[in-house]
Amino acid sequence: MIIIKPKTEFVVTVEAELTPDLAEKDVEEIKKFKVYYGKDVVELEELFEVTKEGDDKKLVLDGDFSRVKWIGCRMSDGEIVVKGNVGANCGAYMAGGKIVIEGDADDWLGAEMKDGEIVVKGNAANLVGCAYYGEATGMSGGKITIEGNAGNYIGEKMAGGEIEIKGNAGDFIGTEMKGGAITIHGNCGFVGGDMKAGEIKIGGDFELVPTFVKQEDAWVGDVNVKGEGVVRRL
């Protein structure tokens, strides 16, 4: 297990693709791992304290990582625990393993993830499980659980996997959704714009775009010729 702690408050953002693969290296090698601090390339030890305990394939990020981007990017196994807030793009392109965030998460959490699990104990910002701008497909597998609230554009262009929000969410939920499932236990704004497949379940209040019609116990948009994309109550 590798424990990483910030040495200071960061003046600019840090881009650091920290994954559990680091735990397979020795401490001195990890300290030399290259990251971006603003436009500068620096070694990890210039910004963070690094210690190792045992051989578990696990990272513990202890402190405020809210200005650190790309944590867990492309990880395929192992575990990351963030004992605080985390920056944008956490778990992007993730293919396996587990990330637990004990604080809040910034934008693009789990963007285009393929497998694995992300749990946020606090709130998440916008674009959870989405496709990056210009890409056709967002999240395609795995599960993201937000125990607090989330922002706008949750699950945009998602094609598989599951997103569960135990609080409230913002607008444009499941826009251009092509598969998978989104569950919101609280309230949200507009839902299902140009939704083609998948399922959205909502426990509180929400608004449907005008193209949706009631069909038995659910609402189906008129772009769904086969009724493959539905919105329903929890």
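Note that the coordinates shown come from a computational prediction; the quantities given were computed from them, not determined experimentally. Hydrogens, waters and symmetry mates are skipped; everything else that's a heavy atom, side chains included, is used.
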Does [Y] offer a backbone N or O that forms a donor-acceptor pair with the side chain of [X] under 3.5 Å?
X      : Y      : answer
Lys114 : Arg74  : no
Arg233 : Gly204 : yes
Lys52  : Lys25  : yes
Asp56  : Lys58  : no
Asn126 : Asn152 : yes
Asn85  : Asp104 : yes
Lys157 : Glu135 : yes
Asn168 : Asn149 : no

Parallel, tilted or perpendicular, as decided by the 30° and 60° cut-offs, for the rings of Tyr93 and Trp70
parallel
Any salt bridge linking [X] with [Y]? Criterion: basic side-chain nitrogen under 4.0 Å from a carboxylate oxygen.
X      : Y      : value
Glu102 : Lys121 : no
Lys196 : Glu176 : no
Lys31  : Glu43  : no
Asp106 : Lys69  : no

Does a donor on one side chain sit under 3.5 Å from an acceptor on the other, for Tyr153 and Asp107?
no
If you define the side chain from C-beta out and look only at heavy atoms, does anything of [X] sit under 4.5 Å from [Y]?
X      : Y      : value
Ile80  : Pro20  : yes
Met158 : Lys178 : no
Tyr36  : Val41  : yes
Lys98  : Val81  : no
Met113 : Asp115 : no
Val128 : Ile144 : yes
Leu22  : Leu59  : yes
Val14  : Arg67  : no

Crowding at [atom1], [X] (>12 non-hydrogen neighbours, <6.0 Å):
X     : atom1 : answer
Phe33 : CZ    : yes
Lys57 : NZ    : yes
Asp40 : CG    : yes

Spacing of [atom1] belonging to [X] relative to [atom2] belonging to [Y], to within rounding of 0.5 Å:
X      : Y      : atom1 : atom2 : result
Glu79  : Met75  : CD    : CE    : 8.0 Å
Lys39  : Glu15  : NZ    : CD    : 13.5 Å
Ile101 : Asn123 : CD1   : CG    : 11.5 Å

Output, in order, the C-alpha distance, side-chain angles, deciding distance and verdict of side-chain contact (heavy atoms from CB on, under 4.5 Å) for Ile30 and Leu44.
CA-CA 7 Å; Ile30 297 167; Leu44 192 67; 3.8 Å; yes
Check the hydrophobic clustering (I, L, V, M, F, W, Y; side-chain heavy atoms under 4.5 Å; chains of links allowed) and say if [X] and [Y] are grouped together.
X      : Y      : value
Leu18  : Leu47  : yes
Val11  : Phe48  : yes
Phe190 : Phe212 : yes
Met1   : Phe65  : no

On a heavy-atom basis, which atom in [X] and which in [Y] lie closest, and how many Å separate them?
X      : Y      : value
Ile165 : Ala150 : CD1-CB, 3.7 Å
Gly192 : Val209 : O-CG2, 4.2 Å
Asp26  : Glu29  : OD1-N, 2.8 Å
Ala92  : Tyr132 : CB-OH, 3.3 Å
Gly170 : Cys188 : O-CB, 3.6 Å
Ala124 : Leu109 : CB-CD2, 4.5 Å

Trace of the side-chain contact (heavy atoms from CB on, under 4.5 Å) decision for Ile202 with Leu234:
CA-CA 5 Å; Ile202 305 165; Leu234 269 175; over 6 Å; no
For a side chain to side chain contact (heavy atoms under 4.5 Å, CB included) with Phe206, tell me which candidate from Ile200, Val191, Asp171, Ile184 qualifies.
Val191
Would you check, one step at a time, whether the test side-chain contact (heavy atoms from CB on, under 4.5 Å) holds for Val35 with Val42?
CA-CA 6 Å; Val35 301; Val42 302; 3.7 Å; yes
